[in-house]
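These notes are about the structure you will find just below.
For ligands, and for the atoms within them, numbers begin at 1 and follow the listed sequence. Given the structure is predicted, the values throughout are model-derived calculations rather than measurements. We number each residue from 1, following the sequence as shown.
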Amino acid sequence: MTVFEAYADPAGDVGSFVSLGDNGLRALDAIGCRAAVAARSIELPLLRLRSGRGKQLGEASRRRVTLMRGHLVETLRGLAEEAGARIVTGRRLVDAAGGTATFAGGGTESADLIVGADGIHSRLRTVIDPDAPVPGYAGLWTVGGRSAHPVEPGAFTIMFGAKATMVSAPTADGTLWAAQVPADRPPAGTPGPEELAALFAGDRGPAAELIRQTTQWHPRTVMQAMPGGVRRWHRDGMLVLGDAAHPMGAGQGANLAVEDAVVLAKCLRDVPSVGAALARYEQLRRPRTDQMLKVAGANRDAKVAGPVAARLRDVMMPLLFKRFAEKGGAWMYDYDVEWNAVSAPASAST
Ligand SMILES: Cc1cc2nc3c(=O)[nH]c(=O)nc-3n(C[C@H](O)[C@H](O)[C@H](O)COP(=O)(O)OP(=O)(O)OC[C@H]3O[C@@H](n4cnc5c(N)ncnc54)[C@H](O)[C@@H]3O)c2cc1C
């Protein structure tokens with residue numbers, strides 16, 4: 001297997017932090033990667049939701065680890081190389097046909113299967129389907145960093161403020177935070193600390209102070225979404241997965257990308273032809289990713305709520321969250337890729 005990565009070095013301390021739940025961790029466990037990822041992570045079992053008025057909107061205890069995105073990439077890349085994968089950085093796929101991928105600046109590579117794990121702006125998605133939708137601005141932008149200001153130990157907190165949402169996660173050497181700001185258009189540049197802190201001036205809790213005591217800034221991200229979803233995932237020995245097939249935004253996207261990869265490996269292991277394996281893969285993954293896309297949309301809506309919708313959210317969320325935490329969320333976190341069970345071809349299992 002060869003992995004081609006567009007950037008020269010996507011690992012290291014790039015990006016911000018990412019959280020993996022039980023479902024993502026279980027998928028990593030199936031392929032022997034969990035311990036190495038856990039070693040780079042911090043465990044934050046308590047999820048706490050608050051409103052800017054200081055009201056508790058929800059609380060749940062579940063296995064969750066948080067780590068820097070770059071550390072996740074670095075760890076998985078190392079394990080893939082140990083398992084015999086060839087990783088080539090600085091090569092961007094620009095086209096593919098007949099089992100041959102073409103890269104920017106020339107050069108081609110042939111393979112039985114070309115997998116586009118190339119993110120929300122996937123090039124392979126439009127190769128597979130030239131009419132595939134293009135992502136659009138989701139009405140939310142985000143910026144974050146590492147702060148010297150402490151927060152509640154062991155708790156991953158989401159505070160839905162009057163003007164923006166603040167996510168915080170304590171680590172051994174400070175607090176990781178990310179502000180998610182609704183706006184009709186994202187600002188041209190990243191606002192300064194005081195301007196950002198002012199967004200949380202009317203809210204209770206440490207949000208403004210986290211920003212003021214930031215020691216390391218993470219890049220601003222403009223959230224994108226594809227509300228209609230991606231109709232076509234594969235054709236002629238080419239497949240998209242992860243954000244390329246179902247961009248989720250913040251929440252479960254990385255977890256699902258890991259699940260996708262493991263389920264694909266299982267289908268290729270068990271189903272005799274590549275075409276039939278891809279059909280089986282889609283059959284296994286569509287229902288789950290469709291369901292998760294609905295949740296991702298609702299999560300985004302909760303963060304871009306105007307004043308009236310925000311009031312409603314603060315009233316409804318405790319009830320909805322309690323129900324979700326008690327039983328409704330099981331489908332999300334209890335999902336198991338069932339690595340040891342043989343995957344039947346698609347035609348045999350409809
Ligand atoms: C602010 C924010 C917070 C988030 N927090 C969480 C979280 O806590 N938990 C969670 O589960 N998810 C989270 N997500 C979602 C998660 O980041 C994505 O769902 C996940 O990274 C998708 O993984 P992927 O491998 O499909 O794509 P990506 O992570 O986007 O990786 C795609 C890779 O392909 C490379 N590439 C792109 N084009 C080409 C090309 N043409 N040729 C070669 N290489 C190419 C890119 O350089 C990149 O390395 C968050 C997202 C955002 C924006």
Options Ala117, Ala254, Ala296, Gly119, ranked by nearest heavy atom to atom 25 (O) of ligand 1, top entry: Ala117

Numbered atoms of ligand 1 (with element) below 4.0 Å of Thr142, judged on heavy atoms: 1 (C)

Audit row: Leu239, Glu282, side-chain contact (heavy atoms from CB on, under 4.5 Å) steps and yes/no: CA-CA 10 Å; Leu239 168 86; Glu282 178 159 10; over 6 Å; no

Atoms of ligand 1, numbered as shown, that sit under 4.0 Å from any heavy atom of Gly242: 26 (O)

Structural part of Gln180 in contact with ligand 1, heavy atom criterion under 4.0 angstrom: neither

Within-cut-off N or O pair, Glu5 and ligand 1, under 3.5 Å: yes

Non-hydrogen atoms of Ile120 and Asp243 that approach each other most closely: N-CB, 3.6 Å

Arg92, portion touching ligand 1 at heavy-atom distance under 4.0 Å: both

Arg220 side chain vs Pro191 backbone, donor-acceptor pair below 3.5 Å: no

Residue from Trp217, Phe200, Phe17, Phe156 passing ring pair (Phe, Tyr, Trp, His ring centres under 6.0 Å) with Trp177: Trp217

Shortest non-hydrogen contact from Pro133 toward Gly229: CG-O, 3.3 Å

Min heavy-atom dist Met248 to ligand 1 below 4.0 Å: no

Backbone of Val94 reached by a side-chain donor or acceptor of Arg123 within 3.5 Å: yes

Where ligand 1 meets Phe4 - atom numbers and elements under 4.0 angstrom, heavy-atom basis: 43 (C), 44 (N)

Modelled atom types, side-chain donor and acceptor of Arg280 and Gln283, under 3.5 Å: yes

Test of proximity, Ser19 against ligand 1: N or O pairs below 3.5 Å: yes

Arg69 touching ligand 1 at heavy-atom level, < 4.0 angstrom: yes

Val18 and ligand 1 - part of the residue with a heavy-atom distance under 4.0 Å: both

Per atom 40 (C) of ligand 1, closest listed option by heavy atom (Leu93, Thr221, Val3, Val94): Leu93

Sub-3.5 Å N/O-N/O distance, Gly251 and ligand 1: yes

Exam field: side chain Asp29 to backbone Arg34, donor-acceptor pair closer than 3.5 Å: no

Nearest neighbour of atom 43 (C) of ligand 1 from the list Ala6, Pro219, Ala138, on a heavy-atom basis: Ala6

Under 4.0 Å to a heavy atom of Tyr7 - the qualifying atoms of ligand 1, by number: 47 (O)

Residues His246, Thr289; criterion side chain to side chain donor-acceptor pair (under 3.5 Å); working and verdict: CA-CA 7 Å; His246 44 70; Thr289 58; 5.0 Å; no

Atoms of ligand 1, numbered as shown, that sit under 4.0 Å from any heavy atom of Asn255: 10 (C), 11 (O)

Among His234, Arg235, Arg231, side-chain hydrogen bond (donor to acceptor under 3.5 Å, both in side chains) partner for Asp129: Arg231

